[in-house]
Amino acid sequence: MSALAASTARYRHGMEPFATVLVRRMFATWHDAAISIVCLAFVIWLLPKLIGWAFLDAVWSAPNATPCIGGAGACWAVITARWRLIIFGLYPFDQHWRSGLACLAVVVVVVLSCVPALWRPVRLSLLWLGGFLTFYFLMRGGVFGLSLVGTERWGGMALTLFIFTAVAVLGMPMAIILALGRQSELPAIRWLAGLLIDTVRALPLLTVLFTAAVILPFALPDWLIGDKLYRVIYAFALFFACAQAEIIRGGLQAIHAGQLEAAKALGLGYWHRTWHIVLPQAFRNSLPATINQFVITFKETSIVIIIGFFEVLASGHAAYGTGDWTSAYAEVYVFIALIYFAFVFSLSRYGAHLEKRMRLGHD
Amino acid sequence: MTDNARAEAVVLRGVSKFFGTFQALKNINLTVREGERIVVCGPSGSGKSTMIRCINRLEAHQEGSIHVLGTELGDDLKNIDAIRREVGMVFQQFNLFPHLTVLENCTLAPRLVLRMSEADAEKEAMRYLERVRIPEQAAKYPGQLSGGQQQRVAIARALCMTPRIMLFDEPTSALDPEMISEVLDVMVELANSGMTMICVTHEMGFARKVADRMVFMAEGEIVESNDPKSFFEQPKSERTKQFLSQILSH
Amino acid sequence: MMELTALLRSGRFRGWLYQTAVVSVACLILISFVVTARHNLVAQGITTGFDFLQRSTGWDIPFALISYTINDPYWRVFLIGFANTIFVGTLGLIFATLFGTFIGIARVARNPLLNALGTVYVEIFRNVPLILQGLLWYAILTRLPSPRQAISIWDSIFITNRGLYIPFVAMSHGTFLFIASVFVLAGFAIALLPRLAGIGTSRSGFRRLVRTALLTAAAIAVAAVIGARDPQAGLITIPMLKGLRFEGGLRVTPEFTALFVAIVCFGSAYVAEIVRGGLLSVNRGQLEAAGALGLRPFHVYWYVRIPLALRAIVPPMGNQFVWLMKATTIGIAFGFSDLFMITSTAINQSGQTIEILFIMMSGFLLINYVISTAMNALNRSIALKGYETKGT
Ligand SMILES: Nc1ncnc2c1ncn2[C@@H]1O[C@H](COP(=O)(O)OP(=O)(O)OP(=O)(O)O)[C@@H](O)[C@H]1O
Ligand SMILES: [Mg+2]
């Protein structure tokens with residue numbers, strides 16, 4: 001019915017050219033016209049400058065920064081000269097293909113996660129675990145005749161993606177446990193999970209990571225201290241888990257009480273009920289919010305630069321900070337911003353699409 | 001065979017149930033023998049649902065004792081599991097699992113609880129789906145079925161566990177009038193096959209046809225318990241008369 | 001034997017068992033943390049306890065709202081950090097909200113051009129990490145001309161790589177800030193208390209009350225500013241180049257500006273999405289009804305659409321505020337001295353790890369608590385009467 005109405009509306013609009021409709025809407029009333037003129041002036045002022053800087057006057061490749069000096073355009077030469085440093089950090093130069101493949105594996109995993117046929121707990125877990133292990137062994141080597149590269153030499157986009165996938169893979173099960181704990185019938189467990197979740201959620205991510213990196217070694221016995229990177233990843237995963245737990249809890253609360261009663265009446269025990277009835281439904285209910293949380297987490301991985309890791313922002317600093325590229329800082333930042341943008345924008349668009357579809361009840 | 005010769009399926013002795021300070025069940029005594037068909041009726045809020053939900057421990061009673069098939073229902077988790085395996089339940093709101101197909105709804109519990117193989121479970125499930133006359137819907141999801149079809153799937157799902165007792169909590173109240181009979185037909189058939197049934201329902205035609213005994217509840221108490229003929233024709237208490245006149249007046 | 005199996009099979013007993021197990025494991029972990037930490041600190045010769053709060057720090061803070069010297073004690077340093085976080089956070093939230101609301105409205109406007117500009121803005125600033133934005137702004141700000149080549153606007157505002165210099169009232173920052181915050185708090189109290197208390201049911205009477213109160217408060221603030229100023233200087237000082245640097249006026253450091261601008265840009269993009277969602281959530285029928293009553297489009301917006309949208313806007317906005325407030329910690333990446341930077345420096349300098357960590361976390365928990373309490377109160381006060389969601 002509504003689809004029919006929409007299609008006839010589209011048909012009617014299709015009768016006149018799109019541009020005419022646009023112009024008519026822009027000048028519908030006198031204040032619409034005023035707003036349009038101001039906006040147009042702004043666009044006309046900005047766009048040529050932007051295009052000039054980014055394309056027309058830009059220097060696309062040069063062995064050093066000299067051709068850029070005094071120019072009015074962007075110095076993209078810094079990217080052509082230093083992109084490997086930005087993407088791969090200090091990873092051994094002749095092994096960059098491994099790092100590249102590893103990043104590709106993560107991208108493939110993320111894209112596959114958007115396929116509804118794979119939205120089963122087991123399938124998704126296997127997908128992410130597989131992706132993570134592929135990434136890890138490609139990067140680290142030591143198997144299949146690949147040379148060993150320690151995590152201290154990982155860097156750039158690859159390190160960012162490693163932290164992101166590790167946080168997701170570790171954090172998701174933690175989130176599920178915390179969410180179930182918070183919904184438990186046992187008051188002490190409910191209270192403890194609530195205390196942990198609320199406390200961690202009230203703290204800035206940076207303080208949690210800082211605690212894990214700098215302060216936790218004081219409070220751990222020597223044999224447990226381990227590598228700083230892994231401590232930070234565990235702490236990040238905990239932070240992610242506490243936020244995600246609240247999202248899953250929302251999904252749990254949206255499940256009709258009758259579902260649990262029917263499962264109990266069929267004789268299913270707690271773990272069977274949870275795994276086969278509760279979690280699949282909670283997962284579906286919370287999918288749009290979960291995607292949003294992934295997007296936020298991906299953006300937040302950039303924060304580890306402050307704890308002293310050589311992720312993509314830090315390798316960007318190195319790219320313009322050394323040699324004679326110092327004036328090309330903006331180009332490097334814009335390049336990194338574009339990488340983030342491509343990833344985050346497409347994922348959040350997908351999330352919005354999914355949310356709309358679910359709201360319309362196509363599922 | 002006289003009634004008393006048959007084994008006791010469900011025995012409630014002095015059962016009381018409180019929600020906070022509110023007493024929903026007051027000293028309930030009820031014995032259901034195997035093969036017996038009980039229809040429970042009474043005004044809204046009288047505790048009918050609460051009573052049958054106590055029988056498979058969806059609600060925990062506080063006083064008195066409940067025995068199902070000779071096993072006492074209490075805090076003992078093993079007993080609860082054992083009893084739930086033998087007692088099937090059908091809800092007013094169907095409560096089918098929306099993320100599973102009709103077939104998966106029916107095979108889930110036999111596979112997980114009875115550890116049946118997938119093939120066996122599916123064969124059994126198809127048998128029961130045929131019995132409720134919707135084998136052709138097996139691959140669909142609950143959301144794609146009508147209310148009457150959903151409720152018949154719910155009955156098949158419960159039967160797949162081969163229960164010895166079936167509980168029905170107003171199985172037709174959420175249905176459009178034209179779908180009620182398809183569900184009642186299935187229930188009549190089930191009753192004729194000798195299943196022990198406790199039904200909460202206001203379908204008096206159904207009650208007359210299959211009930212061995214009518215139980216009338218009001219304000220958390222069993223007010224009257226009698227065979228259908230006497231129950232409908234010579235109700236003993238004023239409360240029952242009033243209820244029957246309201247429900248049969250249209 | 002019989003009794004033991006019966007006990008093990010009892011639901012209540014199992015419940016107790018699980019709870020005891022989980023709680024004792026949690027306690028054990030916590031206790032082992034504390035014991036190990038104590039042991040390690042003692043090994044380094046650090047005495048635990050809060051006595052160090054009275055010691056003087058011996059290090060400087062680049063950005064302080066209240067006067068500070070390196071001889072000041074630790075507690076004052078923490079206070080400054082707390083004030084800095086609140087200051088940049090609050091200012092950032094206010095501007096992000098104003099700006100974001102404007103863009104959110106643009107995003108639902110009928111004018112396609114305005115609409116498109118709003119969309120571009122939101123997508124750019126929302127999809128790039130906050131810290132990257134902050135670093136970019138900071139890099140731009142510190143590459144501006146030096147004070148001697150400052151970009152000047154009307155000879156009273158100067159833009160340099162050392163910061164932004166603007167005219168300012170002639171009084172210490174602390175005094176000014178005190179007066180300003182008293183004014184703002186008074187404004188909030190006057191605006192919100194009667195509503196929360198359920199007084200002031202008549203809308204127009206309520207408005208008049210608020211207006212008089214705000215005007216009175218403003219008059220008192222102006223009087224206070226004039227009264228508390230440094231009598232030697234004029235009422236306002238204007239920055240002037242003296243040698244290599246500026247004197248007079250107010251210097252806004254590049255660290256502050258970078259963090260502030262980043263928070264406003266990033267925050268406003270999110271606020272815009274929340275506002276847009278709220279405006280779109282208003283039932284079309286209600287807008288049509290208002291139009292059918294003959295209300296002008298602006299009045300429909302102001303009296304019907306915005307008040308109704310607020311109900312959908314306030315709850316997510318509260319979460320956003322908390323998030324932004326916590327996000328001010330990224331200022332450490334380019335050296336803004338917020339609570340986090342100051343506490344981490346203090347840990348480095350004094351070694352009082354556990355105590356300072358406790359202070360830092362309490363600070364953030366307090367901020368979080370205040371914002372969520374305020375937003376909940378606001379939410380309750382604007383809830384539609386008779387449509388409150390019942391708790392389940
Ligand atoms: N979870 C609960 N908490 C508190 N009170 C409850 C709860 N469940 C039921 N009650 C109360 O117990 C009483 C009996 O409820 P019950 O659902 O058994 O009634 P019913 O006879 O099934 O009514 P209906 O015909 O409307 O289904 C009612 O007064 C109800 O308000
Ligand atoms: Mg009922």
Side-chain angles (χ1 to χ4, degrees), chain A residues 21-22 25-26 28-29 32 35-36 39-40 42-43 181 184-189 192 196 199 201-207 210-211 214-221 253 295-296 298-303 305-306 313 316-317 320 327 329-330 333-334 336-338 340-345 348, chain C residues 15-16 18-20 22-23 26 32-38 40-41 44 106 109-114 116-117 123-124 126-133 135-136 139-140 143 297 322-323 325-330 332-333 340 343-344 347-348 353-354 357 360-361 364-365 367-369 372 392:
Chain A
V21 179
L22 215 61
R25 297 243 307 259
M26 276 167 67
T29 60
D32 263 331
I35 292 171
S36 297
C39 290
L40 264 180
F42 178 71
V43 171
S184 165
E185 288 170 9
L186 307 173
I189 291 177
L192 210 62
L196 182 64
T199 313
R201 266 163 39 92
L203 295 173
L205 172 62
L206 197 49
T207 64
F210 174 78
T211 309
V214 181
I215 297 174
L216 211 54
F218 282 104
L220 287 177
Q253 283 171 335
V295 165
I296 291 173
F298 183 64
K299 277 188 284 180
E300 282 182 334
T301 49
S302 51
I303 238 175
I305 185 185
I306 295 171
L313 268 181
H317 277 176
Y320 78 77
S327 60
Y329 64 95
Y333 282 129
V334 168
I336 299 172
L338 282 177
Y340 270 106
F341 184 87
F343 200 88
V344 171
F345 179 73
S348 59
Chain C
W16 277 110
Y18 295 148
Q19 297 189 65
T20 320
V22 169
V23 171
S32 77
F33 271 10
V34 172
V35 169
T36 324
R38 258 202 125 101
N40 285 338
L41 291 175
Q44 293 183 3
R110 269 172 317 152
N111 189 319
L113 203 55
L114 192 62
L117 282 180
E123 295 301 351
I124 287 179
R126 201 171 57 140
N127 291 327
V128 173
L130 177 63
I131 187 169
L132 174 51
Q133 297 186 30
L135 285 170
L136 178 58
I140 292 174
R143 280 169 174 77
V322 170
W323 196 93
M325 208 55 153
K326 292 194 296 179
T328 56
T329 47
I330 60 118
I332 195 178
F340 176 64
T343 44
S344 54
I347 288 177
N348 253 335
T353 313
I354 298 181
L357 198 62
M360 171 168 78
M361 298 204 164
F364 282 111
L365 287 175
I367 291 174
N368 203 30
Y369 178 77
S372 22
T392 41

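So that the names make sense, note that chain A is the first sequence line, chain B the second, and so on, each numbered from 1.
- Most heavy-atom pairs under 4.5 Å with chain A: of the set C/Val23, C/Thr20, C/Leu357, this distinction falls to C/Leu357.
- Residue A/Leu206 touches chain C through both its backbone and its side chain, counting heavy-atom pairs closer than 4.5 Å.
- Within the 4.5 angstrom heavy-atom criterion, atoms from both the backbone and the side chain of C/Val22 approach chain A.
- Both the backbone and the side chain of C/Ala139 come within less than 4.5 Å of a heavy atom of chain A.
- The local environment of CD in A/Glu185 is sparse, with at most 12 non-hydrogen atoms from other residues, nucleotides or ligands closer than 6.0 Å.
- In this structure, the portions of C/Leu135 lying under 4.5 Å from any heavy atom of chain A include both its backbone and its side chain.
- Neither the backbone nor the side chain of C/Trp16 comes within contact range of chain A; no heavy atoms are under 4.5 Å apart.
- If you measure heavy-atom distances from C/Met361 to chain A, the contacts under 4.5 Å come from both the backbone and the side chain.
- Here the CD-CH2 distance, from A/Glu300 to C/Trp323, works out to 5.5 Å after rounding to the nearest 0.5 Å.
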CA sep, side-chain torsions, deciding dist, call: C/Thr36, A/Leu220, side chain to side chain contact (heavy atoms under 4.5 Å, CB included): CA-CA 6 Å; C/Thr36 324; A/Leu220 287 177; 5.9 Å; no
Working for side chain to side chain contact (heavy atoms under 4.5 Å, CB included), residues A/Ser302 and C/Leu132: CA-CA 8 Å; A/Ser302 51; C/Leu132 174 51; 6.0 Å; no
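- For chain C, the option among A/Ala330, A/Ser184, A/Pro187 with the highest count of heavy-atom pairs below 4.5 Å is A/Pro187.
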From CA spacing to verdict: side chain to side chain contact (heavy atoms under 4.5 Å, CB included), C/Ile347, A/Phe210: CA-CA 11 Å; C/Ile347 288 177; A/Phe210 174 78; 4.0 Å; yes
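- In terms of heavy-atom pairs under 4.5 Å with chain A, the best-connected choice from C/Ser372, C/Ala109, C/Pro112, C/Ser32 is C/Pro112.
- Taking CD1 from A/Ile296 and CG from C/Leu130, the interatomic distance works out to 12.0 Å, rounded to the nearest 0.5 Å.
- Atoms CD1 and CE, on A/Ile215 and C/Met360 in that order, are 5.5 Å from each other to the nearest 0.5 Å.
- Contact tally against chain A (heavy-atom pairs below 4.5 Å) for C/Val34, C/Leu113, C/Val128: the top residue is C/Leu113.
- Using a 4.5 Å cut-off between heavy atoms, C/Gln133 makes no contact with chain A at all.
- The closest donor-acceptor contact from the side chain of A/Lys299 to the backbone of C/Arg126 lies under 3.5 Å.
- Among the candidates C/Leu117, C/Val35, C/Ile367, the residue making the largest number of heavy-atom pairs closer than 4.5 Å to chain A is C/Leu117.
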From CA spacing to verdict: side chain to side chain contact (heavy atoms under 4.5 Å, CB included), A/Leu205, C/Lys326: CA-CA 8 Å; A/Leu205 172 62; C/Lys326 292 194 296 179; over 6 Å; no
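- Counting heavy atoms from C-beta on, the side chains of A/Ile306 and C/Ile131 come closer than 4.5 Å.
- Atoms CG and CG, from A/Leu338 and C/Asn127 in turn, are 11.5 Å apart once rounded to the nearest 0.5 Å.
- The greatest number of non-hydrogen atom pairs below 4.5 Å with chain C, out of A/Tyr329, A/Phe218, A/Phe298, is found for A/Tyr329.
- Looking at A/Gln253, there are no atoms closer than 4.5 Å to chain C (heavy atoms on both sides), in backbone or side chain.
- Note that CD1 of A/Ile35 and CG of C/Leu114 are 5.5 Å apart. Values are rounded to the nearest 0.5 Å.
- Between A/Leu186 and C/Gly15, the closest heavy-atom pair is CD2-CA, 3.6 Å.
- When heavy atoms are compared at a cutoff of 4.5 Å, C/Phe340 approaches chain A solely by way of its side chain, counted from C-beta outward.
- Residue A/Leu196 does not touch chain C at all, counting heavy-atom pairs closer than 4.5 Å.
- Between the OG1 atom of C/Thr353 and the CG atom of A/Leu216 there is a distance of 11.5 Å, given to the nearest 0.5 Å.
- Residue contact with chain C, scored on non-hydrogen atoms closer than 4.5 Å, involves the backbone of A/Pro217 exclusively.
- Neither the backbone nor the side chain of A/Val214 comes within less than 4.5 Å of any heavy atom in chain C.
- C/Arg143 meets the salt bridge (Lys or Arg N to Asp or Glu O under 4.0 Å) test with no other residue; sequence neighbours excluded.
- The parts of A/Thr207 that come within reach of chain C are both its backbone and its side chain, each placing non-hydrogen atoms under 4.5 angstrom from that chain.
- Between A/Tyr333 and C/Leu136, the shortest heavy-atom contact is CD1-CD1, 3.6 Å.
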